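Atoms within a ligand are numbered from 1 in the order they appear, just like the ligands themselves. Please read all numbers here as calculations on a predicted model, not as lab measurements.
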Amino acid sequence: MLTFEVLLTVGLFFWIYFLWNRRRLYMLLMKLPGPMGLPILGSALNYVVFHKMRMRLRIKYMDQYGSTFLAWLGPKPIVITRDPNIAKEVLLSSECLNRSSQVTAPFAVSVGHGLFSMEAQRWMERRKQMNPTFKHSNLTSFLPIFNAEVNTLMTVLDSYVGQGEKKILHDIIRWSFRVATQTTVGTDVQQEEAFQNDTVMKSYESLLKLFTLDVIVSITRNKIISKLVGVEAKKTLHASNINNVISKIIDNKLNSEPESGAGAEFKSVINRSIDLYRKGEMPLDQVRAECFLMVAAAFETSGLTVCHTLTLLAMFPEYQDTVYEELKDIFPNAGEFEVTYEDIRKMVYLERVLNESLRLIPSIPLAPRETIQDFRLSNGVVIPKGVSIGICIFSTHRNKEFWGPDAEKFNPDNFLPDNVRDRHPYAYIPFTKGKRNCIGWQYGIMSSKLALAKILRNYKVSTSFRYEDLDFVDNIGMVLAQQPGIEFQRRT
Ligand code: HEM
């Protein structure tokens, strides 16, 4: 009996201690409304099983609870916002420089740490180390790779002429993967069988899907549960398929003389990282992780951007005609022309269209950060240390308060200089802003414009799919529930 009372007292003590430790969380719960989650699973069951990860559920919550609400990712809370003022406070704050560990942990466990997953203190140094690779002068040296790979893509698209509507996401992702890999680990990768037969690409795609599941249903990150549900072996297989190729290229480079000169190869992520390794400034396992993660960050985002822009232009022929007129002025003859940086600068209207596509269908729908310290917002709400804040890029871009009543409509004029000047600077954030924004944003714009220019100068695209029927799936990279088919007609 005495033992039972002692156990009860100790249990009660720990329960009170547990509640006391979470007091800031309960205060947050009182300040921010939101849907309640189940113990351990959070909102995952409702989200994944009943709503198939559709974006409309999040929008419904925002309409119900307000522009900033509290949800549960597994057992952990996440503040989600579509308010540009809060986005600005978060993205500019040094207290929110960490990417949410809910998102980075699956990558860190299978791949290790790189720029994408590092915590603020180590990240700052790494960002400085990697910045030179993304300098404008270096990016323009990637143009031959960008040009060559769009030509490869166009031979596939050309075979679709006269074949009716075709789903093209896979072909476009293959283009962006080949570009991302060669600009990151060098063109030597072309010699690898696993690159030629798309094994590495398929492994990346599978791994990103498995990581998405880990982010939303965090219990699958646990190795035992992951084994029980049969995904651990898949994660290991796909990660080693990728690592084998990257490690082989790193070994080859380490066994040859350091490259010198100002060529593109010298400044690719792999060469920059090996350079830092040789100077003792980056451990070897991080050279591999940096290459691995950079490709992951680059290829899906760029591929989705191009695919969604083509889809929207197929739905809105009047805007496609204006793009075509602009391209015809720059490239009077159709065919396999080379696109230079000067040409890209002239594509002013295409850039407006690209921006509008990234507004309505941002390739990354949510930017999840995590507080390093208790973080007080200007509205007085304190987000406790260690809590995730997800900036919902998708719904910020459709927030009627900042985009007007026609926020849902496709209208490239939203990006006329006067309209941009008069808008909240954080109402449009496809690459986010602040210190930890996308390091590859200029690369992404440049490669996307180049690909779109070549495709749209050579083909007229159309679709019978209606804009109103697009249904958005929330993912690390955003996809459409149903991929519209695209029809291709040759232009002369
Ligand atoms: C149109 C294409 C792209 C889009 C829409 C995009 C979008 C984003 C977004 C929203 C983030 C999160 C930023 C944040 O947390 O505040 C991000 C981060 C990142 N992106 Fe991109 N991205 C694109 C292309 C690329 C490319 C081409 C590369 C590399 C070649 C790249 C490399 C990265 C990296 C490494 C990070 C993490 C940066 C850090 O933590 O310092 N991205 N991107």
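Comparing Ala297, Ala87, Gly114 against atom 33 (C) of ligand 1, the shortest heavy-atom distance belongs to Ala297. Nearest to atom 14 (C) of ligand 1 by heavy atom, out of His308, Arg369, Gln442, is Arg369. Nearest-heavy-atom check against atom 7 (C) of ligand 1 across Gly440, Ser117, Ser363, Pro430 picks out Pro430.
In terms of protein heavy atoms, atom 23 (C) of ligand 1 is closest to Thr301 OG1, 3.4 Å. Looking only at protein heavy atoms, the nearest one to atom 42 (N) of ligand 1 is Cys438 SG, 3.0 Å. Arg99 NH2, 2.9 Å is the protein heavy atom nearest to atom 15 (O) of ligand 1. For atom 13 (C) of ligand 1, the closest non-hydrogen atom on the protein side is Thr432 OG1, 3.4 Å. Looking only at heavy atoms of the protein, atom 6 (C) of ligand 1 is closest to Phe431 CD2, 3.6 Å. With respect to atom 1 (C) of ligand 1, the closest heavy atom belonging to the protein is Thr305 OG1, 3.2 Å. Nearest protein heavy-atom neighbour of atom 29 (C) of ligand 1: Ala298 CB, 3.5 Å.
The closest approach between any non-hydrogen atom of Phe134 and ligand 1 is below 4.0 Å. Using a 4.0 Å heavy-atom cutoff, Trp123 is listed among the residues neighbouring ligand 1.
No part of Ile445 comes within 4.0 Å of ligand 1, judged by heavy-atom distances.
Atoms of ligand 1 found under 4.0 Å from any heavy atom of Arg127, numbered from 1 in the order shown, are 38 (C), 39 (C), 41 (O). Close approach of ligand 1 to Leu115 (heavy-atom distance below 4.0 Å) involves ligand atoms 35 (C), 39 (C), 40 (O), 41 (O). Distances below 4.0 Å separate heavy atoms of Asn437 from the following atoms of ligand 1: 38 (C). Ligand-side atoms of ligand 1 in range of Ser302: 2 (C), 27 (C), range being under 4.0 angstrom from any heavy atom.
The shortest N or O to N or O distance between Ser448 and ligand 1 is not below 3.5 Å. Polar contact check, Tyr443 against ligand 1: no nitrogen or oxygen pair lies under 3.5 Å apart.
The aromatic rings of Phe316 and Tyr467 lie perpendicular to each other, with more than 60° between the two planes, well past the 30° mark. By the 30° and 60° cut-offs, the orientation of the rings of Phe177 relative to Phe299 is perpendicular. Ring pair His424/Tyr426 is perpendicular by interplanar angle, where above 60° counts as perpendicular and below 30° as parallel.
The distance from atom CG of Leu354 to atom OG of Ser448, rounded to the nearest 0.5 Å, is 5.5 Å. Summarising the geometry, atom CG belonging to Leu480 is positioned 11.0 Å from atom CG belonging to Asn475; distances are rounded to the nearest 0.5 Å.
A side-chain contact (heavy atoms from CB on, under 4.5 Å) with Thr432 is found for one member of Ile393, Val90, Ile391, Ile364 and no other, namely Ile393. Of the residues Ser447, Ser357, Ser363, the one that meets the side-chain hydrogen bond (donor to acceptor under 3.5 Å, both in side chains) test with Thr305 is Ser363. Checking each of Arg58, Arg82, Lys400, Arg56 against Asp63 for a salt bridge (charged side-chain N to carboxylate O under 4.0 Å, His left out) leaves exactly one that passes, namely Arg82.
Between Glu290 and Gln286, the closest side-chain pair of non-hydrogen atoms is not below 4.5 Å.
Cation-pi check for Arg99 over Trp123 is not met; the charged atom does not lie both under 6.0 angstrom from the ring centroid and within 45 degrees of its normal.
A ring-centre distance under 6.0 Å is found for Tyr428 and Phe415. The distance between the ring centers of Tyr204 and Phe292 falls below 6.0 angstrom.
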